[in-house]
K.L.:
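Here it is, the structure, as C-alpha cells.
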Amino acid sequence: MITLEEVKKNDEVDALVLGAQKELEALGYTEHSIRHISIVANRAGEILRKLGYDERSIELARIAGYLHDIGNAVNRLDHAHSGAILAYNILKSMEMPVKERTEIMTAIGNHDEGSRNSSK
Ligand SMILES: [Fe+2]
Ligand SMILES: [Fe+2]
C-alpha cells in the first residue's frame, strides 16, 4: 500500500510541490510552503481519526492533504482541478489502486470552495 512517506519521496511530487511554491511566491502568497501542506496532511488525518475512520482512510486523507495544492504549479486559478488530475496520474504511476486514487482525486478536486460548482 502506498504511504505518505513514499508519496513524499516521489520525484514528480517533489517537482510539483516546488513548482507550486514558486508560483505562489511570485503571486505574493506567503504560506504555501512544505510547512503548509504538512500541516494540512496532519490535520486531515487527525480529523478522520477523531471521526473514527480506519487507518487506511486516515493515510489516504494525509496523502490528499499533502498533495492538495500541487495544481498551483499549473495556475492558481482552478488549482484544485488541475491538482486533482495531476495527483490521480502520479498515484496511478505509483500503482495505487484505482478506488483509492479516485478518492484522493475527489478530495483534492473539491478542496477549494471558490472553484466549486454553486449552481445546484
Ligand atoms: Fe492549501
Ligand atoms: Fe488550495
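Read the numbers this way: they start at 1 and go in the same order the structure lists the ligands and their atoms. As the structure is a computational prediction, the values presented were derived from the model and not from experiment.
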K.L.:
For side-chain hydrogen bond (donor to acceptor under 3.5 Å, both in side chains), just list the numbers for His79 and His111, CA-CA rounded to whole Å, side-chain angles, deciding distance to a tenth of an Å, and then say yes or no.
P.N.:
CA-CA 10 Å; His79 74 280; His111 87 268; 3.1 Å; yes
K.L.:
Taking the N/O/S atoms of His68 one by one, which is nearest to the Fe ion (ligand 1)?
P.N.:
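Nearest to the Fe ion (ligand 1) within His68's N, O and S set: NE2.
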K.L.:
Quick one: do Arg62 and Glu59 satisfy salt bridge (charged side-chain N to carboxylate O under 4.0 Å, His left out)? Show the steps, please.
P.N.:
CA-CA 5 Å; Arg62 294 174 73 216; Glu59 188 70 0; 2.9 Å; yes
K.L.:
Any chance you could measure Glu12, atom CD, to Met94, atom CE, to the nearest 0.5 Å?
P.N.:
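One gets 9.5 Å once the value is rounded to the nearest 0.5 Å.
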K.L.:
What N/O/S atom of His36 is the closest to the Fe ion (ligand 1)?
P.N.:
NE2
K.L.:
Between Glu5 and Lys8, does any NZ, NE, NH1 or NH2 come within less than 4.0 Å of an OD or OE carboxylate oxygen?
P.N.:
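Result for this pair is yes, salt bridge flagged.
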K.L.:
About how large, to 10 degrees, is the angle NE2 of His111, then the Fe ion (ligand 2), then NE2 of His79?
P.N.:
90°
K.L.:
Would one find an N, O or S atom of Asp69, in either backbone or side chain, under 2.8 Å from the Fe ion (ligand 2)?
P.N.:
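For Asp69, the answer is yes, given that an N, O or S atom comes within less than 2.8 Å of the Fe ion (ligand 2).
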